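Keep in mind the model is a prediction, meaning the values are calculated, not measured. Naming convention: chains lettered A, B, ... in sequence-line order (proteins, then strands); numbering from 1 in each chain.
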2 protein chains.
Amino acid sequence: MPPIPELEAIRKAQILDAALRTIAEHGCANVTMDDICRTAGLSKGGLNHYYKSKNDLFMAAFQEFFKQIFQRGEDTMNLYDDPMEKLLSFSWLYNESDPDLHIGYPILFDFMAIAVHEHDYRKIFEDWIENWLALLKKALLLGQKQDRFQGVDPDAAVMTISAIYQGIATRWYLAPDTHSTAWALDSLERSVRGLLASYGETSQVKGGGYHK
Amino acid sequence: MPPIPELEAIRKAQILDAALRTIAEHGCANVTMDDICRTAGLSKGGLNHYYKSKNDLFMAAFQEFFKQIFQRGEDTMNLYDDPMEKLLSFSWLYNESDPDLHIGYPILFDFMAIAVHEHDYRKIFEDWIENWLALLKKALLLGQKQDRFQGVDPDAAVMTISAIYQGIATRWYLAPDTHSTAWALDSLERSVRGLLASYGETSQVKGGGYHK
DNA sequence: ATTCAAAAACCGACCAGGCGGTTTAATTAC
DNA sequence: GTAATTAAACCGCCTGGTCGGTTTTTGAAT
């Protein structure tokens, strides 16, 4: 008989949270089940009751992670009305005083390294990206409904914008001494505005030389 | 007696190459010394003669990797005379039929995941980035000497350009089904041109709303 | 209300396998 | 013959997963 129906959900959330924090601290390669047990305040057997294997736990933890991060992005974007502000609303990714990010970035890097080799993990990553793109696309199409971003190819543009976010994030997090937050924010805005403007100037940018 | 004096250099190169290929195939977390030995055509004892520990070998392998990649970037860039062409000359990073890249990307992802936690690794990454930035900066300054890229802040701009390369690369490699090579090349060119143009339009892009 | 049985939740000692590193034996070159 | 280099057997540690046992909770029976 289940003592309380929601106990399982509580325990699982507790374990996933512990797993994510432990992975972020030690890195996937070095983390042991014992570490996670200790962080979660459970024994090996107790943990095993909810997740059969290490891989099961990791998969669940990563999915939970991506869900949370995306939710935060969506919520933050919805705070803005202006399409361009929506597109630039993910600047919270470059907030060095946000403790969640110091868990999130290590996990993301670890995850991508695994995704290179493991198909299941790669699929999760791809789906996550698809969600981001859909979110950005909504903002971009809203702008086009207001006669802005003329000539912009929505699908290609949101892929690029999202990639720019990621590129800046990579440098901002891994080489913070040289890549300041101010640089990240300025770069993001310049790049995104520049990209969108590039569609307006010419329908085909390829092949032509650059003449100021 | 060493049959040939330069045997050590040959063996080390052979081992490093084997290590890089093995890491790329299996991922850092799963690779064993035995794997590398087998790939290198050496025994455990033989390998141990040249590299005392796994960590020694990995450090050396990663340094070798970054050296090679950078060398290739520098060589390729030097094939071009036009500053803008130089800035865009790293498009070989998005050549899916280049077998070296299918070794390079896995290694880079693995390396970054480790660099998050290990200071020594992070330092190698930062130095590598510094080298790229210096390379790009040379091209950009050459352009400014030709009265192009006016108003562009060289240091900030090359950081952004380099970050854009990385962001596009991340998506292009990890989600190739949706992020085609054509998209990568087009995105790169649009983003870089757009970024550089953004400096010319206004000296301060921040704070203002976007009005088409 | 109290007792009791059954099921769920939880614990932690234990085990087998795999790993990095070491040591010992064999082989080669001169 | 000897020194140097390679090969392979070996060792000890660590880890993930198992498994019997223990506690806790529930619901029914008295």
Side-chain angles (χ1 to χ4, degrees), chain A residues 1-62 110-111 113-114 117-118 120-121, chain B residues 1-62 110-111 113-114 117-118 120-121:
Chain A
M1 293 295 149
I4 30 178
E6 62 272 7
L7 177 63
E8 180 171 343
I10 292 173
R11 284 279 180 274
K12 284 198 171 185
Q14 167 187 357
I15 293 171
L16 291 182
D17 180 66
L20 288 176
R21 279 188 289 128
T22 312
I23 292 173
E25 187 176 350
H26 300 300
C28 259
N30 306 313
V31 93
T32 70
M33 294 297 264
D34 284 337
D35 289 334
I36 298 173
C37 293
R38 234 172 292 132
T39 307
L42 281 170
S43 72
K44 217 166 186 177
L47 201 152
N48 189 264
H49 183 73
Y50 294 100
Y51 292 99
K52 285 94 191 144
S53 72
K54 193 180 187 181
N55 194 55
D56 278 354
L57 173 57
F58 273 37
M59 287 282 273
F62 280 124
D110 255 327
F111 182 87
I114 299 174
H117 303 284
E118 308 261 347
D120 293 342
Y121 285 70
Chain B
M1 285 292 156
I4 23 178
E6 59 275 292
L7 177 64
E8 180 170 343
I10 292 174
R11 282 278 181 273
K12 284 198 170 185
Q14 169 186 356
I15 293 170
L16 291 183
D17 181 65
L20 289 176
R21 277 188 290 129
T22 312
I23 292 173
E25 187 176 350
H26 300 300
C28 258
N30 307 313
V31 92
T32 70
M33 294 296 266
D34 283 337
D35 289 335
I36 298 173
C37 293
R38 234 173 292 130
T39 308
L42 282 168
S43 75
K44 219 167 183 177
L47 200 153
N48 193 272
H49 182 257
Y50 294 101
Y51 292 99
K52 286 96 193 144
S53 72
K54 193 180 188 182
N55 194 55
D56 278 354
L57 172 58
F58 274 36
M59 286 284 271
F62 281 125
D110 255 328
F111 182 87
I114 299 174
H117 303 284
E118 309 261 347
D120 292 344
Y121 285 69

| request: Note down the inter-axis angle between the two ends of the helix from C/dA1-D/dT30 to C/dC30-D/dG1, five pairs each, to the nearest 10°. | output: 10°
Show the atom names and distances, to 0.1 Å, of all donor-acceptor pairs under 3.5 Å that link a side chain in residues 46-53 of chain A to residues at least two apart or in another chain.
residue : atom : partner : partner atom : Å
A/N48   : ND2  : A/K52   : O            : 3.2
A/S53   : OG   : A/N55   : N            : 3.4
A/S53   : OG   : A/D56   : N            : 3.2

| field | Rounded distance (nearest 0.5 Å) linking atom CG of B/D110 with atom CG of A/D110 | value | 9.0 Å
| said: As an exercise, state the distance from CG of B/L42 to CD1 of B/I15, rounded to the nearest 0.5 Å. | reply: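 Those atoms lie 5.5 Å apart.
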Rounded to the nearest angstrom, tell me the gap between atom [atom1] in [X] and atom [atom2] in [N].
{"X": "B/N48", "N": "C/dT24", "atom1": "CG", "atom2": "C1'", "result": "14 Å"}
{"X": "B/F58", "N": "C/dG20", "atom1": "CZ", "atom2": "C1'", "result": "11 Å"}
{"X": "A/Y51", "N": "C/dA9", "atom1": "OH", "atom2": "C1'", "result": "15 Å"}
{"X": "A/I10", "N": "C/dA8", "atom1": "CD1", "atom2": "P", "result": "18 Å"}
{"X": "B/L47", "N": "D/dT5", "atom1": "CG", "atom2": "P", "result": "15 Å"}

| message | The criterion is ring pair (Phe, Tyr, Trp, His ring centres under 6.0 Å); which residues satisfy it with A/F58, sequence neighbours excluded? | response |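 Listed in chain order: nothing, the list is empty.
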| query | Can you list every salt bridge (Lys or Arg N to Asp or Glu O under 4.0 Å) pair that touches residues 30-45 of chain B, not counting sequence neighbours? | reply | B/D34-B/K44, B/D35-B/R38
Would you give me the side-chain donor-acceptor pairs under 3.5 Å for residues 24-31 of chain A, sequence neighbours excluded?
residue : atom : partner : partner atom : Å
A/N30   : ND2  : A/H26   : O            : 3.0

| Restricting to pairs with a member in residues 13-22 of chain B, which pass side chain to side chain donor-acceptor pair (under 3.5 Å), not counting sequence neighbours? | B/R11-B/Q14, B/D17-B/R21, B/T22-B/T39
| query | For the residue pair A/Y121 and A/F62, does the interplanar ring angle fall in the parallel (under 30°), tilted (30 to 60°) or perpendicular (over 60°) class? | reply |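 Correct class here is perpendicular.
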Every protein N/O within reach of nucleotides 6-8 of chain D N/O, cut-off under 3.5 Å:
residue : atom : partner : partner atom : Å
D/dT6   : OP1  : B/R11   : NE           : 3.1
D/dA7   : OP2  : B/S43   : N            : 3.1
D/dA7   : N7   : B/S43   : OG           : 3.4

| request: Identify, residue by residue, the members of residues 14-36 of chain A with a heavy atom below 4.0 Å from DNA chain C, and return them in order of residue number, or none. | output: none
